[in-house]
Amino acid sequence: MIKLTTTSPTFAADFTTLVNARREADADVARDVRAIIARVRDEGDSAVHAYTQSFDRHDLDATGWQIDPSEWRAAYDGLAPDLRTALELAAERIATYHEKQKPQGTDSTDANGIRTGARWNAIEHAGIYIPGGRAAYPSSVLMNAIPAKVAGVDRIVMVTPTPDGEVNPLVLAAAHIVGVDELWRIGGAQAIAALAYGTDRLRPVDVITGPGNAWVAEAKRQLYGVVGIDMVAGPSEIVVVADGENRADWIAADLLSQSEHDPTSQSILFTDSAEFADAVAAAVDAQIETLATSKVARAAWDANGAIIVVRTLEEALPLVDRLAAEHLELACDDPQALFDKLRHAGSVFMGRHTPEAIGDYVAGPNHVLPTGRRARFASGLSVLDFMKRTSFLQLGPEGLAAIGPAAVALAQAEGLPAHARSVALRLR
Ligand SMILES: NC(=O)c1ccc[n+]([C@@H]2O[C@H](COP(=O)([O-])OP(=O)(O)OC[C@H]3O[C@@H](n4cnc5c(N)ncnc54)[C@H](O)[C@@H]3O)[C@@H](O)[C@H]2O)c1
Ligand SMILES: N[C@H](CO)Cc1c[nH]c[nH+]1
Ligand SMILES: [Zn+2]
């Protein structure tokens, strides 16, 4: 973890180094992913089989490529009642939130009788990636599949790695609750490539959504164009802006909640109190030791964690915008006042009683969010990622007479005579 203070003469340079540090796809990851994608494109199932054997340590021909819906149902039936209630509460709240995202088309006719508009349609085939390397993510099943369902996708293909062939029953139960169409036990860049290109066994999809580690995120990035993607959702991040009135142990837990995801995760605290900064640093050290995930959390905190002491919380705001973090907590009495002055974050958690982890599971907004400063230009997963818009127009003779001459003039100016003729012929 690095400690910075805005009063230091080297702060500007130190902060720029922090902002520009590449935690995700370094050159090695990009190169390895390129090779995996090329091999899956050329060799199909045999490449997926070989990579699964090598990265997930099981033989797909023995364990099975797909998991049957009867197993999802059995997992659901076998759930402890509190877990079933929790998953169903989460599913209900996520569905309610995403229902409100369904877009409206437009259809209007102007004074010349010219009709223009746009119509939204669901995409046909969606691949949803559910991470499964270090932890199992039933919550991500809900976060990906529910907006796809709300959009009206025809075929939802879920892929998830099953390290050592072990299947997580909660992941299966979540697949049962939302009702995906296929569930494949494959992961990593090889699963993304198989979804994008298709193989003999797996029919290709049109869009791939979902979070994953550096290899998964880089594979989606490289395959954009072959398929659509939601955004690049890589290793988790959190920025916390907290005044000295907070409890240090609460804020330390919030920072660690994202550090424990991945050794390349990042947690950053901004505070206007040097004493509070020290208290949080001590609380993080004390809490890390108690976590079953301490090895990963320690690696992430040591390599990528930061505590930044600012003169006022307001001073933090432009710095927070530069980081454009996946998650931003505003732990102070008037979070709205800070939120109003901020632009770039994947999702914002306001007030002292809104820990980021509540959004990971049950609040309703999507937890699949842009990482690596991509919240400058990208948004969290939504129903719109599973839909696309087609514009339409309809003219009669009057409408064409009104605007056609302008089109002819522009076509001639562009040196495109066939364009000009196709309009002009109808004007005579
Ligand atoms: N941004 C978001 O919205 C969001 C949401 C949830 C989780 N996450 C992130 O998802 C990630 C989950 O990661 P995970 O590892 O647990 O599961 P994962 O499913 O993303 O990755 C596991 C796969 O990575 C591949 N892999 C591992 N090491 C490799 C190597 N050396 N070379 C090539 N491929 C390799 C393997 O194929 C393996 O199956 C974490 O980084 C977490 O922070 C992000
Ligand atoms: N924090 C993750 C997004 O970066 C989502 C998640 C799922 N489960 C726990 N956390
Ligand atoms: Zn999380």
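Just so you know, ligand 1 is whichever comes first in the structure, and atom 1 is the first atom listed for that ligand.
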(Q) Tell me whether Arg39 forms a cation-pi arrangement with Tyr51, defined as NZ or CZ under 6.0 Å from the six-membered ring centre and within 45 degrees of its axis. (A) yes
**Q.** Residue from Val241, Val348, Leu330 passing side-chain contact (heavy atoms from CB on, under 4.5 Å) with Leu342
**A.** Leu330
Q | Main-chain N/O of Glu326 paired with Glu237 side-chain donor or acceptor, under 3.5 Å | A | yes
Q.
Out of all atoms in ligand 2, which are within 4.0 Å of some heavy atom of Glu356? Include the element for each.
A. 1 (N)
Q. With a 4.0 Å cut-off on heavy atoms, does Ala189 reach ligand 1?
A. no
Q: Could you tell me the residue and atom name of the protein heavy atom closest to atom 40 (C) of ligand 1, and the distance to it rounded to 0.1 Å?
A: Asp262 OD2, 3.5 Å
Q. Quick one: nearest non-hydrogen protein atom to atom 16 (O) of ligand 1, plus distance?
A. Arg134 N, 2.7 Å
Q: Indicate yes or no for a side-chain donor-acceptor contact from Glu260 to the backbone of Ala297 under 3.5 Å, with no hydrogens or angles considered.
A: no
(Q) Need the ligand 2 atom indices (1-based, order shown) with element for anything under 4.0 Å from a heavy-atom of Ser139. (A) 7 (C), 8 (N)
Q: Give a yes/no verdict on whether any heavy atom in Gln190 is under 4.0 Å from an atom of ligand 1.
A: yes
Q | Rounded distance (nearest 0.5 Å) linking atom CD of Gln258 with atom CG of Asn304 | A | 13.0 Å
Q) With a cut-off of 4.0 Å, which atoms of ligand 2 are near a heavy atom of His261? A) 1 (N), 2 (C), 6 (C), 9 (C), 10 (N)
Q. Which atoms from ligand 1 have a heavy atom of Thr371 less than 4.0 Å away?
A. 1 (N)
Q: For Arg376 and Arg373, indicate whether the former's side chain and the latter's backbone hold a donor-acceptor pair under 3.5 Å.
A: yes
Q.
Quick test: of every protein heavy atom, which one is nearest to atom 17 (O) of ligand 1, and how far off is it to 0.1 Å?
A. Gly133 N, 2.9 Å
Q.
Only N/O/S atoms count here: what is the atom of Asp360 closest to the Zn ion (ligand 3) called?
A. OD2
(Q) Out of Glu326, Glu237, Gln258, who is nearest to atom 1 (N) of ligand 2 when you count heavy atoms only? (A) Gln258
**Q.** Sole residue of Leu269, Asp278, Thr5 in side-chain contact (heavy atoms from CB on, under 4.5 Å) with Ile307
**A.** Leu269
(Q) Could you identify the single nearest non-hydrogen protein atom to atom 15 (O) of ligand 1 and state the distance to 0.1 Å? (A) Asn213 ND2, 3.1 Å
Q) In the protein, what heavy atom is nearest to atom 43 (O) of ligand 1, and what distance, to one decimal place, separates them? A) Ser236 OG, 2.7 Å
Q | Enumerated ligand 1 atoms positioned under 4.0 Å from heavy atoms of Asp56 | A | 38 (C), 39 (O)
Q. Quick one: nearest non-hydrogen protein atom to atom 5 (C) of ligand 1, plus distance?
A. Pro211 CB, 3.2 Å
Q: For the pair Asp56 (side chain) and His58 (backbone), establish whether a donor and an acceptor sit closer than 3.5 Å, ignoring hydrogens and angles.
A: no
Q. Counting both backbone and side chain atoms, is some N or O of His367 under 3.5 Å from an N or O of ligand 2?
A. no
Q: Measure the OG1-CH2 distance between Thr199 and Trp65 for me, rounded to the nearest 0.5 Å.
A: 6.5 Å
**Q.** Side-chain donor or acceptor of Ser294 paired with backbone N/O of Thr290 under 3.5 Å
**A.** no
Q | Part of Pro161 within contact of ligand 1 (heavy atoms, under 4.0 Å) | A | side chain
Q) Does ligand 1 have any atom that is closer than 4.0 Å to a heavy atom of Tyr129? A) yes
Q. Going by the order shown, which atoms of ligand 1 are within less than 4.0 Å of some heavy atom of Ala135?
A. 16 (O)
Q) Non-hydrogen atoms of Met143 versus ligand 2: any pair closer than 4.0 Å? A) no
(Q) For His176 and Tyr76, take the angle between the two ring planes, folded into 0 to 90°, and tell me which bin it lands in: parallel under 30, tilted 30 to 60, perpendicular over 60. (A) tilted
Q) So, does Arg374 use its side chain to make a donor-acceptor pair with the main chain of Thr371 at under 3.5 Å? A) yes
Q. Just by modelled atom types, is the Val383 backbone N or O under 3.5 Å from a matching donor or acceptor in the Gln101 side chain?
A. yes
(Q) Looking at Ile130, is its backbone amide N or carbonyl O close enough to the side chain of Ser140 to form a donor-acceptor pair, meaning the two atoms are under 3.5 Å apart? (A) no
**Q.** Point-to-point distance, once rounded to the nearest 0.5 Å, from OG1 of Thr16 to CZ of Arg322
**A.** 4.0 Å
(Q) Using a 3.5 Å cut-off on N or O atoms only, is Ile36 in polar contact with ligand 1? (A) no
Q. Tell me, which protein residue and heavy-atom name are nearest atom 36 (C) of ligand 1, and how many Å apart are they?
A. Phe55 CB, 3.6 Å
Q.
If we only consider heavy atoms of Leu369, is any one of them less than 4.0 Å away from an atom in ligand 1?
A. yes
Q) Which atoms of ligand 1 have any heavy atom of Ala233 under 4.0 Å away? A) 1 (N), 2 (C), 3 (O)
Q) Measuring to the Zn ion (ligand 3), does His261 have an N/O/S atom at a distance below 2.8 Å? A) yes
Q) Should you measure from each heavy atom of Tyr361, which atoms of ligand 2 turn up under 4.0 Å away? A) 8 (N), 9 (C)
Q) Against heavy atoms of Val216, which atoms of ligand 1 measure under 4.0 Å? A) 20 (O)
Q. Short question: side chain of Asn144, backbone of Val141 - any donor-acceptor pair under 3.5 Å?
A. no
Q: Check for a donor-acceptor pair, side chain of Trp72 on one end and backbone N or O of Ile67 on the other, with a separation under 3.5 Å.
A: yes
**Q.** Atom indices of ligand 1, in the order listed, that fall short of 4.0 Å to a heavy atom of Gly212
**A.** 9 (C), 10 (O), 11 (C), 20 (O)
Q.
Under a 3.5 Å cutoff, is there a donor and acceptor pairing between the side chains of Tyr137 and His261?
A. yes
**Q.** atom 28 (N) of ligand 1 [closest protein heavy-atom partner, distance rounded to 0.1 Å]
**A.** Trp215 CZ3, 3.6 Å
Q. When you look for heavy atoms under 4.0 Å from ligand 1, do you find them on the side chain of Glu326, its backbone, both, or neither?
A. side chain
Q: Please say whether Ile130 places an N or O atom under 3.5 Å from an N or O atom belonging to ligand 1.
A: no
Q. Based purely on interatomic distance, does Ser140 place a nitrogen or oxygen under 3.5 Å from a nitrogen or oxygen of ligand 2?
A. no
